[in-house]
Enquirer: 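I'd like to ask you about the structure that follows.
Whatever order the structure lists ligands and atoms in, that order sets their numbers, starting from 1. Numbering of residues begins at 1 and proceeds along the displayed sequence.
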Amino acid sequence: MGVDVRGRSFLTLLDYSPEEIRYLLDLAKEFKRMKHAGTLHEYLRGKQVVLLFEKTSTRTRCAFEVAARDLGMGVTFLDPGSSQMGKKDSLADTAKVLGRMFDGIEYRGFAQKTVEDLAKYSGVPVWNGLTDDFHPTQMLADIMTCEEEFGDMRGRKLTFFGDARNNVANSLMVVCSKLGINFCACGPKELMPADELVEKCREAAKASGAEIILTDDIRKGAQDADVLYTDIWLSMGEPAELWESRIKLLRPYQVNAELMKMAKLSAIFLHCLPSFHDRETTIGEEIYQKFGLEAMEVTNDVFLGPQARQFDEAENRMHTIKAVMYATLK
Ligand code: CP
Ligand code: NVA
(Lines give C-alpha, C1' and ligand atoms only; values in the text may rest on other atoms or scores of the structure.)
(Ligands and ions follow the chains in the order given, each with its own letter.)
Protein backbone atom coordinates (compact mmCIF):
# COMPACT_ATOMS: atom_id res chain seq x y z
CA MET A 1 0.00 0.00 0.00
CA GLY A 2 1.23 3.49 -0.81
CA VAL A 3 1.94 6.16 1.78
CA ASP A 4 -1.18 7.98 2.96
CA VAL A 5 -0.96 10.89 5.43
CA ARG A 6 -4.39 12.38 4.73
CA GLY A 7 -5.94 13.96 7.82
CA ARG A 8 -2.67 13.89 9.77
CA SER A 9 -1.14 16.86 11.59
CA PHE A 10 2.51 17.79 11.16
CA LEU A 11 3.79 18.74 14.59
CA THR A 12 7.29 17.39 15.32
CA LEU A 13 8.19 14.86 12.58
CA LEU A 14 8.82 12.36 15.40
CA ASP A 15 5.62 10.54 14.44
CA TYR A 16 6.40 10.45 10.69
CA SER A 17 8.07 7.34 9.32
CA PRO A 18 11.08 7.55 7.00
CA GLU A 19 8.80 6.41 4.14
CA GLU A 20 6.33 9.20 4.87
CA ILE A 21 9.11 11.80 4.96
CA ARG A 22 10.50 10.39 1.70
CA TYR A 23 7.05 10.68 0.12
CA LEU A 24 6.76 14.35 1.17
CA LEU A 25 10.23 15.14 -0.21
CA ASP A 26 9.46 13.49 -3.55
CA LEU A 27 6.15 15.31 -3.74
CA ALA A 28 7.90 18.64 -3.03
CA LYS A 29 10.36 17.97 -5.87
CA GLU A 30 7.43 17.32 -8.20
CA PHE A 31 5.72 20.55 -7.11
CA LYS A 32 8.97 22.45 -7.71
CA ARG A 33 9.18 21.03 -11.25
CA MET A 34 5.58 22.08 -11.92
CA LYS A 35 6.07 25.56 -10.48
CA HIS A 36 9.20 26.16 -12.56
CA ALA A 37 7.50 24.84 -15.69
CA GLY A 38 4.51 27.11 -15.10
CA THR A 39 2.15 24.13 -14.84
CA LEU A 40 -0.94 25.02 -12.80
CA HIS A 41 -1.66 22.69 -9.88
CA GLU A 42 -4.78 23.99 -8.16
CA TYR A 43 -5.58 20.53 -6.78
CA LEU A 44 -7.21 21.79 -3.58
CA ARG A 45 -9.55 24.38 -5.04
CA GLY A 46 -12.43 25.13 -2.66
CA LYS A 47 -10.45 24.44 0.50
CA GLN A 48 -9.53 27.08 3.09
CA VAL A 49 -6.59 27.36 5.47
CA VAL A 50 -5.81 29.71 8.34
CA LEU A 51 -2.35 30.84 9.41
CA LEU A 52 -1.90 31.77 13.09
CA PHE A 53 1.31 33.62 13.86
CA GLU A 54 2.25 34.56 17.43
CA LYS A 55 5.85 35.21 16.36
CA THR A 56 7.06 37.13 13.31
CA SER A 57 7.98 35.48 10.00
CA THR A 58 8.95 36.16 6.41
CA ARG A 59 9.69 32.76 4.86
CA THR A 60 7.17 30.55 6.65
CA ARG A 61 4.26 32.92 6.23
CA CYS A 62 5.03 33.60 2.56
CA ALA A 63 5.65 29.91 1.88
CA PHE A 64 2.27 28.93 3.34
CA GLU A 65 0.44 31.76 1.57
CA VAL A 66 1.97 31.19 -1.87
CA ALA A 67 1.71 27.41 -1.59
CA ALA A 68 -1.93 27.57 -0.53
CA ARG A 69 -2.80 29.91 -3.41
CA ASP A 70 -0.89 27.77 -5.91
CA LEU A 71 -2.99 24.84 -4.73
CA GLY A 72 -6.12 26.92 -5.33
CA MET A 73 -6.97 27.39 -1.65
CA GLY A 74 -8.20 30.45 0.23
CA VAL A 75 -5.89 31.76 2.98
CA THR A 76 -6.65 33.77 6.13
CA PHE A 77 -3.79 35.26 8.15
CA LEU A 78 -4.20 36.03 11.87
CA ASP A 79 -1.52 37.71 13.95
CA PRO A 80 -1.56 37.94 17.77
CA GLY A 81 -3.24 41.34 17.80
CA SER A 82 -6.09 40.44 15.49
CA SER A 83 -7.85 37.46 17.05
CA GLN A 84 -9.49 36.65 20.39
CA MET A 85 -7.27 33.60 20.85
CA GLY A 86 -6.01 33.31 24.42
CA LYS A 87 -7.54 36.63 25.46
CA LYS A 88 -11.29 36.08 25.21
CA ASP A 89 -11.39 32.61 23.63
CA SER A 90 -9.51 29.75 25.24
CA LEU A 91 -7.17 27.82 22.99
CA ALA A 92 -9.60 24.88 22.91
CA ASP A 93 -12.51 27.14 21.92
CA THR A 94 -10.39 28.82 19.25
CA ALA A 95 -9.37 25.45 17.85
CA LYS A 96 -12.99 24.25 17.73
CA VAL A 97 -14.15 27.40 15.93
CA LEU A 98 -11.31 27.33 13.41
CA GLY A 99 -11.88 23.62 12.80
CA ARG A 100 -15.48 24.39 11.77
CA MET A 101 -14.39 26.93 9.16
CA PHE A 102 -11.04 25.81 7.84
CA ASP A 103 -9.68 22.60 6.35
CA GLY A 104 -6.22 23.12 7.89
CA ILE A 105 -4.45 25.32 10.43
CA GLU A 106 -0.85 26.54 10.51
CA TYR A 107 0.51 27.72 13.86
CA ARG A 108 3.74 29.55 14.76
CA GLY A 109 4.31 30.48 18.37
CA PHE A 110 5.84 29.59 21.67
CA ALA A 111 4.83 26.40 23.51
CA GLN A 112 4.83 23.09 21.65
CA LYS A 113 1.74 22.22 23.71
CA THR A 114 -0.21 25.00 21.96
CA VAL A 115 0.23 23.46 18.53
CA GLU A 116 -0.49 20.00 19.95
CA ASP A 117 -3.70 21.31 21.58
CA LEU A 118 -4.80 22.99 18.37
CA ALA A 119 -4.49 19.61 16.69
CA LYS A 120 -6.30 17.88 19.54
CA TYR A 121 -9.32 20.20 19.58
CA SER A 122 -9.72 21.41 15.99
CA GLY A 123 -10.33 18.09 14.27
CA VAL A 124 -8.41 19.22 11.16
CA PRO A 125 -4.72 18.88 10.18
CA VAL A 126 -2.49 21.34 12.05
CA TRP A 127 0.99 22.24 10.74
CA ASN A 128 3.70 23.47 13.07
CA GLY A 129 5.28 26.59 11.54
CA LEU A 130 7.80 26.80 14.44
CA THR A 131 7.54 26.57 18.20
CA ASP A 132 10.18 26.99 20.89
CA ASP A 133 10.99 23.28 20.53
CA PHE A 134 10.59 22.27 16.89
CA HIS A 135 10.55 23.63 13.33
CA PRO A 136 9.52 20.58 11.27
CA THR A 137 8.53 22.22 7.99
CA GLN A 138 12.00 23.78 7.82
CA MET A 139 13.52 20.30 7.83
CA LEU A 140 11.92 19.16 4.62
CA ALA A 141 13.34 22.20 2.82
CA ASP A 142 16.75 21.56 4.35
CA ILE A 143 16.92 17.93 3.31
CA MET A 144 15.52 18.72 -0.13
CA THR A 145 18.31 21.28 -0.61
CA CYS A 146 20.93 18.76 0.51
CA GLU A 147 19.54 16.15 -1.89
CA GLU A 148 19.59 18.65 -4.76
CA GLU A 149 23.31 18.98 -4.07
CA PHE A 150 24.35 15.44 -3.20
CA GLY A 151 21.54 13.10 -4.24
CA ASP A 152 21.13 10.38 -1.62
CA MET A 153 22.05 11.85 1.78
CA ARG A 154 22.28 8.52 3.62
CA GLY A 155 25.65 8.11 5.30
CA ARG A 156 26.62 11.74 4.79
CA LYS A 157 27.32 14.07 7.72
CA LEU A 158 25.38 17.22 8.64
CA THR A 159 26.75 19.33 11.49
CA PHE A 160 24.82 22.03 13.29
CA PHE A 161 27.07 24.67 14.90
CA GLY A 162 25.79 26.90 17.68
CA ASP A 163 22.74 26.78 19.94
CA ALA A 164 22.33 23.03 19.53
CA ARG A 165 19.17 22.78 21.64
CA ASN A 166 17.09 25.30 19.72
CA ASN A 167 14.04 24.42 17.61
CA VAL A 168 16.01 24.09 14.35
CA ALA A 169 18.79 21.96 15.84
CA ASN A 170 16.24 19.69 17.57
CA SER A 171 14.35 19.16 14.36
CA LEU A 172 17.51 18.53 12.34
CA MET A 173 18.46 15.79 14.78
CA VAL A 174 15.01 14.23 14.35
CA VAL A 175 14.99 14.28 10.55
CA CYS A 176 18.59 13.10 10.19
CA SER A 177 18.09 10.24 12.62
CA LYS A 178 15.04 9.06 10.65
CA LEU A 179 16.68 9.33 7.22
CA GLY A 180 20.05 7.73 7.99
CA ILE A 181 22.01 11.00 7.85
CA ASN A 182 24.82 11.33 10.39
CA PHE A 183 23.99 14.27 12.63
CA CYS A 184 26.48 16.20 14.71
CA ALA A 185 25.40 18.82 17.28
CA CYS A 186 28.45 21.03 17.78
CA GLY A 187 28.18 23.63 20.52
CA PRO A 188 28.97 24.39 24.13
CA LYS A 189 27.94 21.82 26.75
CA GLU A 190 25.39 24.30 28.16
CA LEU A 191 23.48 24.33 24.86
CA MET A 192 23.18 20.64 23.97
CA PRO A 193 19.84 19.02 23.06
CA ALA A 194 17.76 17.50 25.88
CA ASP A 195 18.67 13.90 26.84
CA GLU A 196 15.10 12.73 26.27
CA LEU A 197 15.09 13.92 22.66
CA VAL A 198 18.58 12.53 22.04
CA GLU A 199 17.34 9.14 23.30
CA LYS A 200 14.34 9.19 20.95
CA CYS A 201 16.57 10.11 18.03
CA ARG A 202 19.10 7.41 18.90
CA GLU A 203 16.23 4.89 18.75
CA ALA A 204 15.28 6.11 15.26
CA ALA A 205 18.95 6.15 14.27
CA LYS A 206 19.29 2.46 15.17
CA ALA A 207 16.80 1.61 12.45
CA SER A 208 18.18 4.03 9.84
CA GLY A 209 21.89 3.51 10.47
CA ALA A 210 22.48 7.17 11.32
CA GLU A 211 25.09 8.25 13.84
CA ILE A 212 24.34 10.99 16.36
CA ILE A 213 27.34 12.89 17.70
CA LEU A 214 27.28 15.59 20.39
CA THR A 215 30.50 17.56 20.72
CA ASP A 216 31.89 20.88 21.87
CA ASP A 217 34.94 20.45 19.59
CA ILE A 218 34.65 22.39 16.31
CA ARG A 219 37.29 20.21 14.62
CA LYS A 220 35.31 17.09 15.37
CA GLY A 221 32.16 18.84 14.17
CA ALA A 222 33.65 20.01 10.89
CA GLN A 223 35.72 16.93 10.07
CA ASP A 224 34.24 15.07 7.08
CA ALA A 225 31.11 17.21 7.20
CA ASP A 226 29.08 17.48 3.98
CA VAL A 227 26.74 20.13 5.35
CA LEU A 228 27.59 22.91 7.81
CA TYR A 229 24.44 24.40 9.27
CA THR A 230 23.93 27.26 11.68
CA ASP A 231 21.15 29.44 13.06
CA ILE A 232 20.92 32.70 15.03
CA TRP A 233 22.32 32.60 18.56
CA LEU A 234 19.21 33.95 20.27
CA SER A 235 15.86 32.64 19.13
CA MET A 236 12.55 34.47 19.02
CA GLY A 237 11.03 34.67 22.48
CA GLU A 238 14.37 34.66 24.30
CA PRO A 239 15.15 37.89 26.22
CA ALA A 240 17.61 40.37 24.66
CA GLU A 241 19.54 40.43 27.98
CA LEU A 242 20.87 37.02 26.99
CA TRP A 243 22.84 38.36 23.99
CA GLU A 244 25.99 38.98 25.98
CA SER A 245 26.25 35.53 27.57
CA ARG A 246 25.14 33.81 24.35
CA ILE A 247 27.82 35.63 22.33
CA LYS A 248 30.45 34.54 24.83
CA LEU A 249 29.30 30.95 24.66
CA LEU A 250 28.84 30.75 20.91
CA ARG A 251 31.60 32.86 19.42
CA PRO A 252 33.89 29.83 19.01
CA TYR A 253 31.15 28.12 16.97
CA GLN A 254 30.83 30.85 14.32
CA VAL A 255 30.83 29.42 10.81
CA ASN A 256 33.70 31.23 9.08
CA ALA A 257 36.19 30.51 6.29
CA GLU A 258 38.55 28.72 8.66
CA LEU A 259 35.81 26.37 9.85
CA MET A 260 34.61 25.72 6.29
CA LYS A 261 38.15 24.65 5.40
CA MET A 262 38.07 21.94 8.08
CA ALA A 263 35.09 20.25 6.36
CA LYS A 264 34.99 18.36 3.05
CA LEU A 265 35.96 20.43 0.01
CA SER A 266 32.54 19.69 -1.47
CA ALA A 267 30.67 20.78 1.69
CA ILE A 268 27.77 23.21 1.52
CA PHE A 269 26.58 25.85 3.98
CA LEU A 270 22.94 26.05 5.09
CA HIS A 271 21.05 28.48 7.32
CA CYS A 272 17.31 28.53 7.96
CA LEU A 273 17.44 32.39 7.99
CA PRO A 274 17.10 35.12 9.13
CA SER A 275 20.83 35.57 9.69
CA PHE A 276 23.17 38.07 11.31
CA HIS A 277 26.03 37.90 8.82
CA ASP A 278 26.64 41.65 8.48
CA ARG A 279 25.56 44.98 9.95
CA GLU A 280 22.67 45.51 7.53
CA THR A 281 19.96 44.80 10.13
CA THR A 282 18.98 46.84 13.18
CA ILE A 283 19.95 44.01 15.53
CA GLY A 284 23.19 43.31 13.64
CA GLU A 285 24.17 46.99 13.98
CA GLU A 286 23.18 47.10 17.67
CA ILE A 287 25.34 44.07 18.37
CA TYR A 288 28.23 45.66 16.50
CA GLN A 289 27.90 48.85 18.55
CA LYS A 290 27.73 46.93 21.84
CA PHE A 291 30.13 44.05 21.29
CA GLY A 292 32.14 44.99 18.20
CA LEU A 293 31.05 41.92 16.19
CA GLU A 294 30.76 42.45 12.41
CA ALA A 295 28.88 39.16 12.10
CA MET A 296 27.54 36.55 14.48
CA GLU A 297 26.75 32.94 13.62
CA VAL A 298 28.22 33.14 10.09
CA THR A 299 30.68 35.52 8.47
CA ASN A 300 29.71 37.45 5.38
CA ASP A 301 32.33 35.77 3.18
CA VAL A 302 30.83 32.35 3.89
CA PHE A 303 27.27 33.66 3.54
CA LEU A 304 28.04 35.14 0.13
CA GLY A 305 30.54 32.44 -0.85
CA PRO A 306 30.35 29.58 -3.37
CA GLN A 307 29.38 26.94 -0.81
CA ALA A 308 26.30 28.81 0.46
CA ARG A 309 22.88 27.36 -0.43
CA GLN A 310 20.58 29.22 1.98
CA PHE A 311 18.52 30.92 -0.70
CA ASP A 312 17.80 27.62 -2.48
CA GLU A 313 16.83 26.37 0.96
CA ALA A 314 14.51 29.37 1.47
CA GLU A 315 12.80 28.76 -1.89
CA ASN A 316 12.38 25.10 -1.00
CA ARG A 317 10.34 26.09 2.06
CA MET A 318 7.49 26.87 -0.33
CA HIS A 319 7.66 23.64 -2.33
CA THR A 320 7.92 21.46 0.79
CA ILE A 321 5.15 23.27 2.69
CA LYS A 322 2.98 22.81 -0.40
CA ALA A 323 3.71 19.10 -0.28
CA VAL A 324 2.74 18.91 3.40
CA MET A 325 -0.55 20.76 2.88
CA TYR A 326 -1.43 18.76 -0.23
CA ALA A 327 -0.60 15.38 1.28
CA THR A 328 -2.53 15.99 4.47
CA LEU A 329 -5.57 17.68 2.84
CA LYS A 330 -6.03 15.90 -0.49
N1 CP B 1 13.30 30.05 8.44
C2 CP B 1 12.17 30.64 8.85
O3 CP B 1 11.32 30.03 9.47
O4 CP B 1 12.07 31.95 8.52
P5 CP B 1 10.91 32.96 8.98
O6 CP B 1 11.13 33.23 10.46
O7 CP B 1 11.08 34.17 8.15
O8 CP B 1 9.58 32.29 8.76
N1 NVA C 1 15.83 29.44 16.03
C2 NVA C 1 15.22 30.53 15.30
C3 NVA C 1 14.70 30.02 14.00
C4 NVA C 1 14.10 31.07 13.11
C5 NVA C 1 13.53 30.51 11.84
C6 NVA C 1 14.14 31.15 16.13
O7 NVA C 1 13.36 30.41 16.74
O8 NVA C 1 14.06 32.38 16.18
Side-chain angles (χ1 to χ4, degrees), residues 10-13 28 51-68 75 77-80 106-112 114-115 127-146 160-175 185-188 191-194 197 227 229-240 242-243 246-247 249-250 253-255 269-277 280-284 287 296-298 303 308-322 324-325:
F10 192 80
L11 304 177
T12 64
L13 264 188
L51 315 180
L52 295 178
F53 278 79
E54 296 197 305
K55 289 177 177 168
T56 50
S57 168
T58 297
R59 280 146 290 270
T60 309
R61 175 183 175 177
C62 294
F64 269 99
E65 290 209 17
V66 172
V75 192
F77 175 81
L78 290 178
D79 66 20
E106 183 275 356
Y107 172 81
R108 164 173 287 200
F110 298 87
Q112 180 65 23
T114 306
V115 78
W127 311 294
N128 178 359
L130 179 147
T131 60
D132 292 343
D133 297 332
F134 294 107
H135 195 7
T137 62
Q138 177 74 50
M139 294 310 113
L140 297 179
D142 298 347
I143 302 304
M144 177 171 172
T145 311
C146 292
F160 179 91
F161 292 92
D163 179 5
R165 34 108 259 185
N166 79 8
N167 39 22
V168 169
N170 282 345
S171 288
L172 280 170
M173 183 165 66
V174 172
V175 79
C186 187
L191 298 175
M192 278 292 140
L197 184 63
V227 183
Y229 198 120
T230 192
D231 184 12
I232 50 173
W233 289 345
L234 200 67
S235 285
M236 289 182 278
E238 294 191 298
L242 282 182
W243 270 121
R246 212 43 85 67
I247 286 171
L249 276 174
L250 290 175
Y253 299 91
Q254 180 188 62
V255 179
F269 168 76
L270 292 184
H271 193 311
C272 55
L273 304 178
S275 162
F276 298 123
H277 57 95
E280 299 297 318
T281 59
T282 47
I283 295 177
I287 294 290
M296 285 192 267
E297 73 279 0
V298 55
F303 193 85
R309 298 290 182 274
Q310 69 277 5
F311 294 111
D312 297 311
E313 185 185 4
E315 178 191 329
N316 287 339
R317 297 295 309 286
M318 200 279 285
H319 307 299
T320 45
I321 280 171
K322 190 182 284 177
V324 172
M325 286 197 289

Enquirer: If we set the cut-off at 4.0 Å for heavy atoms, which region of L273 has an atom near ligand 1: side chain, backbone, both, or neither?
Expert: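 It is the backbone that gets close, since no side chain atom is under 4.0 Å.
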Enquirer: Looking only at protein heavy atoms, identify the closest one to atom 7 (O) of ligand 2 and say how far it is in Å.
Expert: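 Residue, atom and distance for the closest contact: N167 ND2, 2.8 Å.
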Enquirer: How far is atom 8 (O) of ligand 2 from the closest protein heavy atom, and which atom is that?
Expert: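 Heavy-atom neighbour on the protein nearest atom 8 (O) of ligand 2: M236 N, 2.8 Å.
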Enquirer: From the options S275, A141, A63, S57, select the one whose nearest heavy atom is closest to atom 8 (O) of ligand 1.
Expert: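 The nearest heavy atom belongs to S57.
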Enquirer: Minimum distance, heavy atoms only, to atom 1 (N) of ligand 1: which one of A314, C62, G129, C272 is it?
Expert: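 Selected option, by shortest heavy-atom distance: C272.
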Enquirer: Would you mind checking if R317 and E313 are paired as a salt bridge, meaning a charged N to carboxylate O distance below 4.0 Å?
Expert: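 Salt bridge between E313 and R317, a charged N being under 4.0 Å from a carboxylate O: no.
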Enquirer: Would L273 count as a contact residue for ligand 2, given that I'm defining contact as a non-hydrogen atom of the residue lying under 4.0 Å from a ligand atom?
Expert: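 Judged by the 4.0 Å heavy-atom criterion, L273 does count as contacting ligand 2.
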Enquirer: Look at the rings of W243 and F276 and say which category their plane angle falls in: under 30° parallel, 30 to 60° tilted, over 60° perpendicular.
Expert: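 Correct class here is perpendicular.
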Enquirer: Which atoms from ligand 2 have a heavy atom of S235 less than 4.0 Å away?
Expert: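 Result: 1 (N), 2 (C), 6 (C), 7 (O), 8 (O).
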Enquirer: Is a salt bridge present between R61 and E106, judged by a nitrogen-to-oxygen distance below 4.0 Å?
Expert: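 A salt bridge is absent here (no side-chain N lies under 4.0 Å from a carboxylate O).
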Enquirer: Relative to the heavy atoms of L130, which atoms of ligand 2 are at a distance of less than 4.0 Å?
Expert: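 Within the 4.0 Å cut-off of L130, ligand 2 contributes 3 (C), 4 (C), 5 (C), 7 (O).
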Enquirer: For atom 3 (C) of ligand 2, find the nearest protein heavy atom and state the residue, atom name and distance (0.1 Å precision).
Expert: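 Scanning the protein heavy atoms, the shortest distance from atom 3 (C) of ligand 2 goes to D231 OD2, 3.5 Å.
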